[in-house]
Visitor: 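One structure, as structure tokens, below. Some questions next.
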Number of protein chains: 2
Amino acid sequence: MFDAAPHAASRMDTLLSGPALTFSAGDEIYAEGDRAGTLYQVAVGVVRVYRLLADGRRQICAFHMPGEIFGFEAGTERHFFADAVNTVALKLLRPGSEAELSQELLKLALTSLTRAHDHLLTVGRNDASGRVAAFLLEIAERQGTRDVDSIDLPMSRLDIADYLGLTIETVSRVFTRLREQGVIRLASTRHVDVLHWDQLEDMTA
Amino acid sequence: MFDAAPHAASRMDTLLSGPALTFSAGDEIYAEGDRAGTLYQVAVGVVRVYRLLADGRRQICAFHMPGEIFGFEAGTERHFFADAVNTVALKLLRPGSEAELSQELLKLALTSLTRAHDHLLTVGRNDASGRVAAFLLEIAERQGTRDVDSIDLPMSRLDIADYLGLTIETVSRVFTRLREQGVIRLASTRHVDVLHWDQLEDMTA
DNA sequence: CGACTACTTGAAAAGAGTCAATTCACGTGG
DNA sequence: CCACGTGAATTGACTCTTTTCAAGTAGTCG
């Protein structure tokens with residue numbers, strides 16, 4: 001159950017794992033300004049990490065799925081908000097002796113860095129269709145359900161929009177268009193069947 | 001000369017610094033697929049790190065200025081290209097004993113991660129004007145020239161466009177508009193005088 | 001069944017991209 | 001020192017995409 005998805009974070013066997021915490025959908029895990037330091041590993045559910053802008057807009061930096069570790073900060077203070085997309089269980093990871101673990105942590109931080117760069121590419125060099133396509137491929141890969149051709153989306157259209165730098169309406173329209181083109185089927189709003197993976201790939205940068 | 005800009009990377013006094021390498025504008029520093037592992041510190045000039053897409057488009061992930069360290073990779077292989085924007089001198093940093101340094105490296109990696117997230121915010125939640133404004137503020141801050149009100153841009157309009165996820169024409173038009181609005185003055189194409197920092201800030205997310 | 005929220009759809013407006021034509025800046029050679 | 005050529009940058013006209021604003025529909029939970 002804890003096994004990481006294909007390119008998810010490594011296992012962190014050297015970290016002492018603390019107690020498990022549970023959250024309901026929408027619960028705050030941490031907020032901007034909080035004292036940083038703690039790392040979390042997702043046991044169940046999905047976490048979103050985001051920034052809030054003065055005018056209320058939101059940029060979701062990452063979704064974290066089971067097995068993945070999040071909570072890195074450059075300084076002593078949080079610069080992001082994190083909350084539960086759905087019902088979430090987390091394991092607390094508290095670094096024991098700094099030195100011996102930093103090597104493990106470095107690997108994890110670099111994984112996060114790679115993700116961030118991939119995300120930047122998605123947002124910077126794709127039109128709306130390309131971004132949604134990239135998003136579906138990313139989620140599918142991380143759910144390890146590429147073989148099953150069915151993806152479930154734990155997050156709302158608004159979450160997807162805020163992740164991709166689009167509006168909710170545009171995301172909705174792209175889903176509709178993909179359905180009309182026969183690329184996907186929408187079993188329900190939160191459940192996508194992919195009929196043509198290759199066409200999704202062709203849409204991404 | 002080596003002193004880092006305000007929020008630039010830390011000094012890395014514990015890393016062994018190797019010989020200095022020099023590059024002319026446009027020279028490749030490393031390419032996608034190269035063996036990773038080496039880190040570099042910029043002594044002179046500016047480096048761009050980017051990805052190339054199948055159709056030839058380019059997403060610049062970062063510009064690195066004097067004092068900054070770059071070259072982190074999650075795996076053993078490079079996923080990016082790096083080349084010299086102008087005349088560049090680099091110091092090679094070769095980690096000696098893995099364990100004792102990873103703590104230093106972790107800090108640097110987290111700095112890169114923060115930068116990547118800032119960049120994502122810029123690209124994901126700003127219109128063209130906002131992106132260019134954010135870009136100018138970022139460069140000014142990293143050049144430490146905020147007090148002088150003058151910025152020089154070592155990179156071309158195309159570089160800026162590829163960094164911000166825009167076209168060269170749009171970048172050019174934004175510069176023109178900022179000039180017409182009296183926010184900046186263009187001493188030359190590569191030299192910007194900022195007349196109203198506050199107005200630049202108001203344009204960013 | 002009703003109320004609330006999430007999602008979808010439509011029409012109009014704004015923004016950015018594309019294509020094409022100048023203009024500008026700079027280095028080279030006459 | 002000037003003329004020319006080259007690549008970079010700007011500008012213009014037009015198209016296409018996305019956003020915005022406004023309804024409308026579908027689910028869901030009481």
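So that the names make sense, note that chain A is the first sequence line, chain B the second, and so on, each numbered from 1. If you're wondering where the values come from, they're calculated on a predicted model, not measured in any experiment.
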Visitor: Does the ring center of A:Tyr163 lie less than 6.0 Å from the ring center of A:Phe63?
Guide: yes
Visitor: With salt bridge (Lys or Arg N to Asp or Glu O under 4.0 Å) as the test, pick out the partner of A:Arg48 among A:Asp27, A:Asp159, A:Asp162.
Guide: A:Asp159
Visitor: Rounded to whole Å, please give me the gap between NE2 in B:His191 and C1' in D:dA9.
Guide: 18 Å
Visitor: Give a yes or no on whether the backbone of B:Cys61 and the side-chain of B:His119 come within a donor-acceptor separation of less than 3.5 Å.
Guide: yes
Visitor: Mind checking B:Arg131 for me? I need base, sugar-phosphate or nothing, with any heavy atom below 4.0 Å counting as a touch.
Guide: nothing
Visitor: Can you tell me if B:Ser129 and B:Arg177 form a side-chain donor-acceptor pair at under 3.5 Å?
Guide: yes
Visitor: Check the distance between D:dT10's C1' and B:Glu180's CD and give it to me in whole angstrom.
Guide: 11 Å
Visitor: Could you pull out the protein-nucleic contacts involving nucleotides 24-27 of chain D (nitrogen or oxygen on both sides, under 3.5 Å)?
Guide:
none

Visitor: For B:Glu169 and D:dA13, what is the distance between atoms CD and P respectively, to the nearest whole Å?
Guide: 15 Å
Visitor: Have a look at A:Thr170 and say if it touches a base, only the backbone sugar-phosphate, or nothing, with a 4.0 Å heavy-atom cut-off.
Guide: base
Visitor: Does the C:dG15 base have a donor-acceptor partner in the side chain of B:Arg173 within less than 3.5 Å?
Guide: no
Visitor: Using whole Å, what does the distance between atom P of nucleotide C:dT8 and atom CG of A:Leu153 come to?
Guide: 10 Å
Visitor: Please report, rounded to the nearest Å, how far the P atom of C:dA6 is from the CG atom of A:Leu186.
Guide: 18 Å
Visitor: Would you say A:Val88 and A:Val44 make side-chain contact, with heavy atoms under 4.5 Å?
Guide: no
Visitor: Taking C-beta and beyond as the side chain, do B:Leu90 and B:Gln41 meet within less than 4.5 Å on heavy atoms?
Guide: no
Visitor: According to a strict under-4.0 Å criterion, is B:Arg190 in side-chain N/O contact with OP1 or OP2 of D:dA9?
Guide: yes
Visitor: Please state how far atom CD1 in B:Ile168 lies from atom P in C:dA21, giving the value in whole angstrom units.
Guide: 18 Å
Visitor: May I have the distance from A:Arg57 (atom CZ) to D:dT18 (atom P), rounded to whole angstrom?
Guide: 17 Å
Visitor: At under 4.0 Å between heavy atoms, what does A:Thr176 touch on the DNA or RNA strands: base, sugar-phosphate, or nothing?
Guide: sugar-phosphate
Visitor: Centre-to-centre under 6.0 Å for A:Phe80 and B:His117, is that the case here?
Guide: yes
Visitor: With a 4.5 Å cut-off on side-chain heavy atoms, are A:Arg125 and B:Arg51 touching?
Guide: no
Visitor: Nearest 0.5 Å, what's the CD1-CZ distance between B:Ile29 and B:Arg78?
Guide: 10.0 Å
Visitor: Describe the nucleic acid contact of A:Arg177 in one word from base, sugar-phosphate, nothing, applying a heavy-atom distance below 4.0 Å.
Guide: nothing
Visitor: What is the distance, rounded to the nearest whole Å, between atom CG of A:Asp127 and atom P of D:dT19?
Guide: 11 Å
Visitor: Scan residues 155-167 of chain A against DNA chain C and write down, sorted by residue number, each residue with any heavy atom closer than 4.0 Å; if none is found, say none.
Guide: A:Ser156, A:Arg157
